[in-house]
Amino acid sequence: MSPITDVEGRRVSLTNLDKVLYAETATTKGEVLHYCTTVAGPLLAQLRDRPLSFLRYPDGPAGQRFFTKNVPPGTPSWVKTCEVPHTTSGPARQVLLQDLPSLVWAANLVVELHTPQWRCQDPGIADRLVLDLDPGAPATIVECCTAARWLHDRMAADGLEVHAKTSGSKGLHLVVPIEPAPSERATAYARTLAAEAAAALPDLVVDKMTKALRPGKVFLDFSQNAAAKTTAVAYTLRARPTPTVSAPVTWDEVAGCTDPRQLAFLFDEIAPRLADHGDLFAPLLDPGRARPLPRGKTPRAPTAPDRPGPARGSA
């Protein structure tokens, strides 16, 4: 019989707590659940009012993985949901994780958490802009950091405040608080940035998805600003061989990155980072920091930053 725990007055069934999910680190499902409760404050703040898409991996990253947007069967009645429009299939309901009991319930399903750049109250009206920097081998997050510095300066010239986090996989995400705007406008601006970056840094950045163009370069994916697209949320665990996290980072860390290991964070490193840095993504929750997307002519792009040299001792 599955143990039942009381979480803030809600009864939550927990299953297979001793099951090893991440074989390389012998990380159990119980440890995954503990991590989610440890970072519940900043994680729930990023999830607030945003419809969830789940990447489920109940047998660990090496097992079956499946992506779902619909409310899973057996979802407790007290887990909040919202109606989300879909252009092809009509409206559907998706989960909202608004409190700790709901987060623990979702963590028991073993999930990556993905959200759109809009809230359920305003479908398709973005309050964030995201750029996904995806390196093509042999490029790594080190090259992503070089591109990110250029993009930071470029968007700062438009009056925008840029925050960075690791993807928890290979790359880097840049997230910008914006005044509410249609997702189409956010996508168009991100597309322009990607094209400008590719023109300014032709040996480093590509803005087209064509795989033949990507080896050794950073693909700047602007498409995740589309209303139907989602991005891994800050502080979520990823379905990777080890329990890596999509972790907010400082711009000093971005500027100083010379080895991919410097920006690879496992779940047990996040609580100490929160103690040292606080929640680096908290400013995204302040509506006073949001700025309008620029209209019309944009300022001249900044010059390319120097690439950092190789780290000592690295290949």
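Numbers here simply count residues along the sequence, with the first being 1.
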Where the side chain of [X] meets the backbone of [Y], is there a donor-acceptor pair that is under 3.5 Å apart?
{"X": "T192", "Y": "A188", "answer": "yes"}
{"X": "K217", "Y": "E143", "answer": "no"}
{"X": "T236", "Y": "L113", "answer": "yes"}
{"X": "R295", "Y": "P292", "answer": "no"}
{"X": "T187", "Y": "S183", "answer": "yes"}
{"X": "S246", "Y": "T166", "answer": "yes"}
{"X": "D99", "Y": "S102", "answer": "yes"}
{"X": "T210", "Y": "A212", "answer": "no"}
{"X": "R119", "Y": "R48", "answer": "yes"}
{"X": "Q46", "Y": "L43", "answer": "no"}

Pair up each side-chain donor or acceptor in residues 32-40 with any protein partner under 3.5 Å, not counting sequence neighbours, and list the distances.
unit_1	atom_1	unit_2	atom_2	d
Y35	OH	Y235	O	2.7
T37	OG1	H34	O	2.7
T38	OG1	H34	O	2.8

For the pair T15 and K29, evaluate side chain to side chain donor-acceptor pair (under 3.5 Å) and give the outcome as yes or no after the intermediate values.
-> CA-CA 9 Å; T15 57; K29 185 177 178 181; 2.8 Å; yes
Enter the distance from [X]:[atom1] to [Y]:[atom2] here, rounded to the nearest 0.5 Å.
{"X": "L293", "Y": "I178", "atom1": "CG", "atom2": "CD1", "value": "4.0 Å"}
{"X": "W78", "Y": "Q98", "atom1": "CH2", "atom2": "CD", "value": "13.0 Å"}
{"X": "L193", "Y": "L129", "atom1": "CG", "atom2": "CG", "value": "7.0 Å"}
{"X": "Q224", "Y": "D132", "atom1": "CD", "atom2": "CG", "value": "4.5 Å"}
{"X": "N225", "Y": "Q117", "atom1": "CG", "atom2": "CD", "value": "6.0 Å"}
{"X": "L52", "Y": "L96", "atom1": "CG", "atom2": "CG", "value": "7.5 Å"}

Could you list all the ring pair (Phe, Tyr, Trp, His ring centres under 6.0 Å) pairs where at least one residue sits in residues 102-127, not counting sequence neighbours?
->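 Ring pair (Phe, Tyr, Trp, His ring centres under 6.0 Å) check on residues 102-127 returns F67-H114.
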Distance alone, cut at 3.5 Å: any donor-acceptor contact between the side chains of [X] and [Y]?
{"X": "T250", "Y": "D252", "value": "no"}
{"X": "E24", "Y": "T242", "value": "no"}
{"X": "T81", "Y": "R93", "value": "yes"}
{"X": "S167", "Y": "S169", "value": "no"}

Atom CG of D286 with >12 non-hydrogen neighbours under 6.0 angstrom =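 Yes, enclosed.
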Is it the case that more than 12 heavy atoms not belonging to K19 sit under 6.0 Å from its NZ atom?
->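 Yes, because the 6.0 Å sphere around NZ of K19 holds more than 12 heavy atoms from other groups.
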Should F267 and T244 be marked as a side chain to side chain contact (heavy atoms under 4.5 Å, CB included) after you check the CA-CA gap, both sets of side-chain angles, and the distance that decides it?
-> CA-CA 6 Å; F267 73 138; T244 54; over 6 Å; no
How about [X] and [Y]: do any of their side-chain heavy atoms sit closer than 4.5 Å?
{"X": "V254", "Y": "H152", "value": "no"}
{"X": "L151", "Y": "L131", "value": "yes"}
{"X": "P51", "Y": "T115", "value": "no"}
{"X": "F54", "Y": "V110", "value": "no"}

Salt-bridge contact [X]-[Y] (side-chain N to carboxylate O under 4.0 Å):
{"X": "R191", "Y": "E196", "result": "no"}
{"X": "R154", "Y": "D158", "result": "yes"}
{"X": "R50", "Y": "D127", "result": "yes"}
{"X": "D134", "Y": "K170", "result": "yes"}
{"X": "R65", "Y": "D59", "result": "no"}

Take S223 and D221 through the side chain to side chain donor-acceptor pair (under 3.5 Å) test and state the conclusion after the steps.
-> CA-CA 6 Å; S223 70; D221 187 357; 2.6 Å; yes
